[in-house]
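Okay, so here's the structure we're looking at.
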Amino acid sequence: MEEVLNNLEISIDRASCFKGNNMIFENISYSVKNSEMMLIMGPNGCGKTTFIKSICGIQKLESGSIKLNSIDINSDSSEHLNNILYIGHKNSLNNDLTVFENLEYLCAFDKSVDSIPEQEIKKSLEYFGIAKFKDYLVSKISEGNKKKTSLARLLLSKKKIWLLDEPLSFIDSEGNVKILDLFNKHITNGGLIILSSHIDISKDVTNTKKYYMGNS
Amino acid sequence: MEEVLNNLEISIDRASCFKGNNMIFENISYSVKNSEMMLIMGPNGCGKTTFIKSICGIQKLESGSIKLNSIDINSDSSEHLNNILYIGHKNSLNNDLTVFENLEYLCAFDKSVDSIPEQEIKKSLEYFGIAKFKDYLVSKISEGNKKKTSLARLLLSKKKIWLLDEPLSFIDSEGNVKILDLFNKHITNGGLIILSSHIDISKDVTNTKKYYMGNS
Amino acid sequence: MNISKIANLKFFFTNTKNLSRFLGLFTFILFFFGIYWGLYVAPSDYLQGESYRIMYLHVPAAWLSLQVYMFMAITGFVSLVWKVKIMEIISIQCAPIGAYFTLIALVTGMVWGKPTWGTYWVWDARLTSELILLFLYIGVIALYSAFSDKRQAVKITSLLAIVGLVNIPIIHYSVEWWNTLHQGPSVTKFEQPSMHISMLLPLLYMFLVFNVYFIAVLIKRVQLGIYNREKRSKWMEDYLSD
Amino acid sequence: MLRKIIYKEFKSYFRNLNSIFLPLIFFFLIISIFPLLIGPDKNLLNKIIPGIVWITVIFTTLLSSSNFFKDEYNNGFIETYLTSETSLELILFLKIILCWIFTCLPIIFFIPIVSIFFDIPLKNSFVILFTLIIGSPILVSIGIFGSSLTLGIPKNNVLVPVITLPFYIPILIFSASAIESVSSGLPYEMQLYILTALLCFVLPIMPYLLKYTLTLSINN
Amino acid sequence: MLRKIIYKEFKSYFRNLNSIFLPLIFFFLIISIFPLLIGPDKNLLNKIIPGIVWITVIFTTLLSSSNFFKDEYNNGFIETYLTSETSLELILFLKIILCWIFTCLPIIFFIPIVSIFFDIPLKNSFVILFTLIIGSPILVSIGIFGSSLTLGIPKNNVLVPVITLPFYIPILIFSASAIESVSSGLPYEMQLYILTALLCFVLPIMPYLLKYTLTLSINN
Ligand code: HEM
Ligand SMILES: Nc1ncnc2c1ncn2[C@@H]1O[C@H](COP(=O)(O)OP(=O)(O)OP(=O)(O)O)[C@@H](O)[C@H]1O
Ligand SMILES: Nc1ncnc2c1ncn2[C@@H]1O[C@H](COP(=O)(O)OP(=O)(O)OP(=O)(O)O)[C@@H](O)[C@H]1O
Ligand SMILES: [Mg+2]
Ligand SMILES: [Mg+2]
């Protein structure tokens, strides 16, 4: 089993990113540790999504570096992928599988999940109040419930670093509260969250560092 | 040119809707007039989207009726389609066209738009602060800017009835203000808005009637 | 009794149980009588000898393959236009039965072809178009099972079936339009059928038997279809618990 | 308004500059694959070349129609079409025609060249051309119809051909019979008339049928 | 973990219960179209039937691979794969194999029956079978590679075949030559060896190649 780290620090050092011929962001330096949440805010198109993707390692930087515990996330020796859970704008849900099967499938890619997560999947769905849609095909549930399904992974995975891109979109107010609760719990348990949002939730979650990205 | 109505009333009479074998909503009776906004709220999966679609006429009802000025919207004589502008969860944007071309294309389907909307498209993009993305392919702009692009139709169309499904999702706070402004203006000009949202904007828009859909 | 009652799923399900059982038994008896008539009583053909007797399977099966298709399309049409639930189920349940009849017609035709044409298969228009009919049936079944929402599925497949009707005249008239190996119409002609009455009668009888068989199987399948659709409904649970 | 729509469709086809050449290149690739597969026997090839041309057209239409509405379904365009006051039938008719222009027409244009290449007599090549001009729009409409039926279904790449090919067959039968007739010196006009009749029947009906299926699949 | 992935892939294929039969039916449809197009001349048909079998396999692979990653690209799954600690190469290898199982294997199974139908001698039909078993996984991998290259491109239905078909040609040449050799009584082992060598070269490399192209297209 790969090592799951307990002390975490993500440090971003003068990171810049290009896409096409556009500078998306430039010279970002920042660092986040366990028990902290980094809330990225900023106008549309300022590069939040791109930034989060580069912390995942799926978006290559033009210059600068992103390190997890002083090891560059793109280096081979990085434990990076063993520790991050990324949930983006898109839900990563397969329309021709049911809600349950989708989560089961997604868990198969996540080594931190116990081997037989049946009960836990049910529990996580119950947490969000969508247990009754368990056997619905994803194409048959509502937009908000799709989002909730993909967020149910937060309850299943034991990974410490959450990278979330606007997790609150389409979610109803009740769901909002539950998700913020989850964030608080994760932070208290020593987790690390980096997320983007257009709603300022810095007051609802402990230990939030707000990072404002301007339009480049 | 088809008639664009000035006095509008949408009355929903004991509308019920089934999908698959599920009752989505039941016995909804409600009516909205010019200069009113109907704000539909409710938990995820309660049927807001389905309800809005049935007001568009693209979702068939099981029983009950929806009338525009006492004419059933599904009857042939209905002026319904000449008066509604529907913008759903999905953006109706073509990934292989630019922002500008997309709007031009969408305008081609909207007879209320002037024949040469080039200037107006630019203006509407400027209104949302996305004029610089005018010649970007839609696949290259950010999620929020896609939403803004699709909402730019509100400025272009002269239709009186707006049917909007969570128009505020992915939009930054500045964009939020602008959209609410638009709503206010439309209401003052005698328009009619029906929209769903998870954020309670009833205080920000004049003449709002809130309709809460429970979980069925 | 009014139509809406008969068209009611519950009514159909609860009232046809014995009927289908009876029909099943009935076809069995009829079939054996027909086999006896066709294989022993009917005279042998002066040209083909005994091999022609497979006609008593081939021709009715071939006719039914066409007839069932038309039935499927028509019931599909009714279900689309008048939204009669029972028709949806009847329509889709026709597909597998029709496919079997088509298969029987193909296989018996091939078996018959060997002694008469010297080959199992030739690519002539009727044979090919009958094969296409099989593919049409399979297409309908495939499309139906690809949908997870079965009510949606029936609507869509009915449409496919209706459009597929255009193939039926092509199959039927293919022998006239193209001069092919296959037998021209010898029964279904307007003037005197070109077949002796002693051969014709058992053929018509077998046609009747196949029809009864079709109805029996259809009723059975429709019951199953109703069960699958309504197994979670209250009346079904009540009915089954009795 | 219609002009705008046509213009936009053209633009989105031509965005990938070469999309008009693609069917053509595909066509030539297929044609050059056949000699590889069945050997370079010239006699044999000449005999089956009309069949190969037809097969290629069939595959091109299948490839380009099997996901015809998928993008528009996924990005919500179908709903926009359905809520637009513009007659959807007209839009769909245009879409069929445009799809035909971009997939079959380039191939049809090149039939003369292919004929020279394979020593097909002028008269025969005319008949091949005619059957294609009349038959291929029918194929395209049927393909698009098939794709509209399978809108809600994931992984439908092979399903669409399976449900549409049976409908292709009558057209193939008549076309092949026309080509067969002309090369054996028999009259072939009858078959062309029948094909034309089919075209005149299918093309006007198809938009209504498509509208209906689209409505159904949005309403699922 | 791998078991789970395989299980899920199977489930999503079998959701539409019949998807395994579809390539087969497609195969039969194509086979029955050819006699219509090139005439029912039995001699002619028998000569070209191996070619037809191969063409059908080519089209099936093209049809099922041309949009291979599209859904996963659109719903963000590729990003999930890339951020998963599971080796992506392994997943991609599995995906290739599964795609092959669901598109080519059913056809291969039915070659014996087709052989009976068309009176193909036993030995020839064995060689056809072998070339297919060895060649088709290569075709599938190439097709999938082509689809990964065109991920960001809309309307790529015909583009993928155009860029992949040239790569198919070597495989076709060797297979055709093996079949040709066996039917004229010449040794055919050499060609099979070459095909096998190609397979052993392509299959292990492909996952790495695919991973690279996927990373590129996410990073566009
Ligand atoms: C695989 C081979 C065959 C197939 C697919 C086939 C198919 C059909 C079909 C579809 C029909 C119904 C036509 C209609 O009602 O419009 C039919 C009828 C018939 N077939 Fe065949 N057939 C085959 C072989 C044969 C052979 C070998 C014979 C005998 C020489 C034969 C004799 C007949 C006769 C006598 C009829 C009744 C014609 C009439 O009066 O309508 N068939 N067959
Ligand atoms: N391939 C590309 N070529 C050029 N520019 C691109 C490309 N892809 C994205 N961009 C630009 O990158 C910028 C950042 O996009 P990103 O999705 O990161 O924004 P965001 O902050 O997440 O916005 P939102 O709040 O709307 O989600 C956008 O302005 C977009 O136009
Ligand atoms: N084809 C279907 N079969 C059965 N149920 C369906 C089908 N399509 C949708 N539903 C159900 O209809 C309900 C209403 O969906 P709808 O999208 O209208 O919800 P919503 O109120 O818009 O939710 P959200 O706030 O998440 O957007 C959902 O619970 C969904 O599961
Ligand atoms: Mg974003
Ligand atoms: Mg909704």
Side-chain angles (χ1 to χ4, degrees), chain D residues 12-13 15-16 18-19 21-26 29-30 32-39 41 44 47-55 58-60 62-68 70-71 74 102-103 153-162 164-166 168-169 172-173 175-177 179-180, chain E residues 12-13 15-16 18-19 21-26 29-30 32-39 41 44 47-55 58-60 62-68 70-71 74 102-103 153-163 165-166 168-169 172-173 175-177 179-180:
Chain D
S12 94
Y13 269 105
R15 170 79 52 209
N16 315 325
N18 45 13
S19 59
F21 296 112
L22 287 179
L24 209 61
I25 301 170
F26 180 68
L29 277 168
I30 296 293
S32 50
I33 276 180
F34 267 92
L36 290 180
L37 285 177
I38 60 180
D41 177 356
L44 193 66
K47 243 188 221 153
I48 64 171
I49 193 71
I52 294 176
V53 171
W54 263 95
I55 270 286
I58 291 172
F59 280 117
T60 326
L62 283 182
L63 276 171
S64 44
S65 66
S66 76
N67 283 307
F68 193 72
K70 186 125 182 214
D71 282 343
N74 285 337
F102 289 107
T103 57
I153 301 169
K155 301 230 169 79
N156 60 2
N157 287 332
V158 186
L159 181 59
V160 175
V162 165
T164 51
L165 276 178
Y168 279 19
I169 305 245
L172 301 187
I173 292 180
S175 307
S177 139
I179 296 169
E180 174 68 34
Chain E
S12 95
Y13 270 104
R15 168 81 49 211
N16 317 324
N18 46 17
S19 59
F21 296 113
L22 288 180
L24 207 62
I25 298 165
F26 179 68
L29 274 166
I30 297 294
S32 48
I33 277 180
F34 268 94
L36 291 179
L37 284 178
I38 61 181
D41 178 355
L44 193 66
K47 245 190 221 150
I48 65 169
I49 192 71
I52 295 177
V53 170
W54 262 93
I55 271 287
I58 291 173
F59 280 117
T60 326
L62 283 182
L63 275 172
S64 43
S65 66
S66 76
N67 283 307
F68 193 72
K70 183 123 182 215
D71 281 343
N74 285 337
F102 288 107
T103 56
I153 302 171
K155 301 230 168 77
N156 60 2
N157 287 332
V158 186
L159 180 59
V160 176
V162 166
I163 62 177
L165 275 178
Y168 280 17
I169 296 200
L172 301 187
I173 291 180
S175 308
S177 139
I179 297 169
E180 174 66 34

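Each chain gets a letter, A, B and so on, in the order the sequences are listed, and its residues count up from 1.
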Out of Phe59(E), Phe34(E), Trp54(E), Phe26(E), return the one with the most heavy atom pairs under 4.5 angstrom to chain D.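 Sorted descending by pairs with chain D, the first entry is Phe59(E).
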Just give me the residue among Ile55(E), Leu172(E), Ile25(E) that pairs up with chain D most often, heavy atom to heavy atom, under 4.5 Å.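 Among the listed options, the one with the most contacts to chain D is Ile55(E).
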Sort Ile33(D) into side chain, backbone, both or neither according to what part of it lies under 4.5 angstrom from a heavy atom of chain E.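 Answer is side chain: those atoms of Ile33(D) sit under 4.5 Å from chain E.
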First locate atom CG of Leu37(D), then atom CD1 of Ile49(E), and finally report the distance between them rounded to the nearest 0.5 Å.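 Result: 12.0 Å between the selected atoms.
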For the pair Ile169(E) and Leu165(E), evaluate side chain to side chain contact (heavy atoms under 4.5 Å, CB included) and give the outcome as yes or no after the intermediate values. CA-CA 7 Å; Ile169(E) 296 200; Leu165(E) 275 178; 5.7 Å; no
Verdict with reasoning, Thr60(D) to Ile30(D), per side chain to side chain contact (heavy atoms under 4.5 Å, CB included): CA-CA 10 Å; Thr60(D) 326; Ile30(D) 296 293; over 6 Å; no
Assess whether side chain to side chain contact (heavy atoms under 4.5 Å, CB included) is satisfied between Val160(D) and Phe68(D), documenting all intermediate values. CA-CA 10 Å; Val160(D) 175; Phe68(D) 193 72; over 6 Å; no
